[in-house]
Engineer: 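Have a look at this one before I ask anything.
Index from 1, following the sequence. A quick note: this is a predicted structure, and the numbers were derived from the prediction, not measured. Because only heavy atoms are used, hydrogens play no part in the values below, and waters and symmetry mates are left out as well, while side chains stay in.
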Amino acid sequence: MERITIDIVSDVVCPWCYLGKARLELAIAEVQDEVGVDINWRPYRLNPDYPPEGVDQKKMLAEKLGGADKVASAHAMLTGLGREVGIAFNFDAITIGPNTLDAHRLIHWAVTEDRELQNRVVDGLFKANFEEGRNVGDPAVLLDIAVKAGLDSSVISALLASDADSDLIVAEIESARQMGVNGVPFFIFDQQYAVSGAQTPDVLANALRDIAKSKAEARTAMN
């Protein structure tokens with residue numbers, strides 16, 4: 001069985017990224033007998049200029065999208081799409097638009113343990129923000145998510161209180177921008193093939209099959 005590594009450039013406050021994650025999981029389930037998949041989560045910040053305490057989410061979104069009506073219709077569409085893949089978006093519950101630098105630091109620390117742990121942290125962050133309306137810029141919320149995912153409370157608490165790896169996260173986001181990533185989610189398959197946006201499960205499943213087939217053919221040709 002061929003193995004494919006997918007680097008997902010994403011922000012935990014991007015509803016399309018949460019949708020993209022759920023759709024990718026459906027695609028992976030569809031091809032699990034044919035292709036093995038390893039996932040790395042890569043940082044991106046939609047709102048790098050938000051202060052550490054966050055902003056008034058409803059006010060900011062209305063300004064960004066051109067009024068409360070536009071926000072409501074975007075949320076209605078996303079809620080419907082979420083329902084199709086098992087996401088219970090609760091946009092009304094989100095009061096704070098957070099700065100996500102610390103959330104990305106947490107995702108980075110999780111992968112130093114293993115990919116599965118990182119995935120649990122990412123899951124916890126998306127769920128906290130989009131389904132529970134919790135502020136994922138708040139160190140107490142981040143610590144709670146970390147502990148529930150299986151990380152060490154005292155270690156994460158100390159790291160969050162420091163600025164450990166902040167520069168690393170900012171540099172990684174900058175290098176993604178230089179590669180041409182200017183919107184998320186952005187999926188990079190085997191560091192060669194890029195897919196932008198929250199594609200449907202069938203599109204992602206076919207991409208996985210095609211890349212696995214190309215790898216198998218290349219290996220055969222070399223032998």
Side-chain angles (χ1 to χ4, degrees), residues 1-46 74-75 77-91 100 103-104 106-108 110-111 113-132 136 145 148-150 169 172-173 175-177 179-216:
M1 185 190 289
E2 298 297 333
R3 288 204 77 79
I4 294 170
T5 299
I6 308 177
D7 289 277
I8 307 175
V9 187
S10 153
D11 195 1
V12 296
V13 292
C14 163
W16 292 101
C17 293
Y18 195 12
L19 203 58
K21 178 182 190 297
R23 288 174 169 181
L24 178 64
E25 283 163 357
L26 289 171
I28 291 169
E30 191 183 316
V31 301
Q32 63 186 359
D33 296 333
E34 310 158 59
V35 188
V37 177
D38 297 311
I39 292 172
N40 299 316
W41 289 92
R42 302 292 182 195
Y44 192 87
R45 287 198 292 169
L46 290 172
H75 284 171
M77 179 187 64
L78 281 159
T79 301
L81 292 172
R83 209 174 288 123
E84 291 170 13
V85 290
I87 295 171
F89 279 119
N90 183 3
F91 292 105
T100 55
H104 287 303
L106 179 58
I107 292 167
H108 169 71
V111 82
E113 303 264 338
D114 63 61
R115 282 192 175 110
E116 184 47 47
L117 193 56
Q118 185 184 49
N119 210 45
R120 286 204 299 274
V121 165
V122 171
D123 253 346
L125 287 162
F126 275 131
K127 201 176 189 65
N129 183 67
F130 285 112
E131 300 188 32
E132 298 161 0
V136 294
I145 290 166
K148 281 179 179 155
I169 300 298
E172 197 172 331
I173 293 168
S175 79
R177 281 188 187 282
M179 269 171 49
V181 179
N182 54 18
V184 286
F186 195 87
F187 301 88
I188 305 161
F189 295 79
D190 275 347
Q191 299 186 322
Q192 298 180 58
Y193 314 96
V195 175
S196 180
Q199 302 294 334
T200 54
D202 56 323
V203 168
L204 292 165
N206 287 336
L208 287 166
R209 286 194 185 101
D210 290 347
I211 294 164
K213 187 169 171 237
S214 299
K215 286 180 86 162

Engineer: Can you find a heavy atom in the side chain of I6 that is under 4.5 Å from one in the side chain of L208?
Structural biologist: yes
Engineer: How long is the gap from CD1 on I173 to CG on D11, to the nearest 0.5 Å?
Structural biologist: 7.5 Å
Engineer: Examine distances only and state if a side-chain atom of R42 and a backbone atom of E172 form a donor-acceptor pair shorter than 3.5 Å.
Structural biologist: no
Engineer: If you compare all heavy atoms of Q118 against all heavy atoms of A110, which two are closest, and at what distance to 0.1 Å?
Structural biologist: CA-CB, 3.6 Å
Engineer: Answer whether the closest heavy-atom distance between the side chains of Y44 and T100 falls below 4.5 Å.
Structural biologist: no
Engineer: Check whether any side-chain heavy atom of T5 lies under 4.5 Å from a side-chain heavy atom of Q191, and answer yes or no.
Structural biologist: no
Engineer: Which heavy atom of E30 sits nearest a heavy atom of R209, and at what distance?
Structural biologist: OE2-NH2, 3.2 Å
Engineer: Judged by atom type as modelled, is there a donor-acceptor pair below 3.5 Å linking the side chain of N129 to the main-chain atoms of L125?
Structural biologist: no
Engineer: Between P15 and F91, is there a side-chain heavy-atom distance shorter than 4.5 Å?
Structural biologist: yes
Engineer: Please work out which of the three classes, parallel, tilted or perpendicular, describes the rings of F126 and Y18, given edges at 30° and 60°.
Structural biologist: parallel
Engineer: With rounding to the nearest 0.5 angstrom, report the CG to CD distance, D123 to E25.
Structural biologist: 6.0 Å
Engineer: Treating D190 as the side-chain partner and Q192 as the backbone partner, does any N or O pair qualify as donor plus acceptor under 3.5 Å?
Structural biologist: no
Engineer: What's the shortest heavy-atom distance between L46 and C14, and which atoms?
Structural biologist: CD1-CB, 3.6 Å
Engineer: Give me the ring orientation class for F189 and F187: parallel if the planes are under 30° apart, tilted from 30 to 60°, perpendicular past 60°.
Structural biologist: tilted
Engineer: I want to check something: taking the side chain as every heavy atom from C-beta on, are E84 and T200 in contact at a cut-off of under 4.5 Å?
Structural biologist: no
Engineer: Show the nearest heavy-atom pair for residues V9 and I188, with the distance to one decimal.
Structural biologist: CG2-CD1, 4.2 Å
Engineer: Any heavy-atom pair between the side chains of V12 and W41 that's under 4.5 Å?
Structural biologist: no
Engineer: If every non-hydrogen atom of M1 is compared with every non-hydrogen atom of D33, which pair is closest and at what distance?
Structural biologist: CE-O, 3.5 Å
Engineer: Under 3.5 Å, is there a donor-acceptor pair between the side chain of K215 and the main chain of R3?
Structural biologist: yes
Engineer: Using a 4.5 Å cut-off on heavy atoms from C-beta on, say whether the side chain of E132 contacts that of K127.
Structural biologist: yes
Engineer: Does the side chain of I39 reach to within under 4.5 Å of the side chain of L24, using non-hydrogen atoms?
Structural biologist: yes
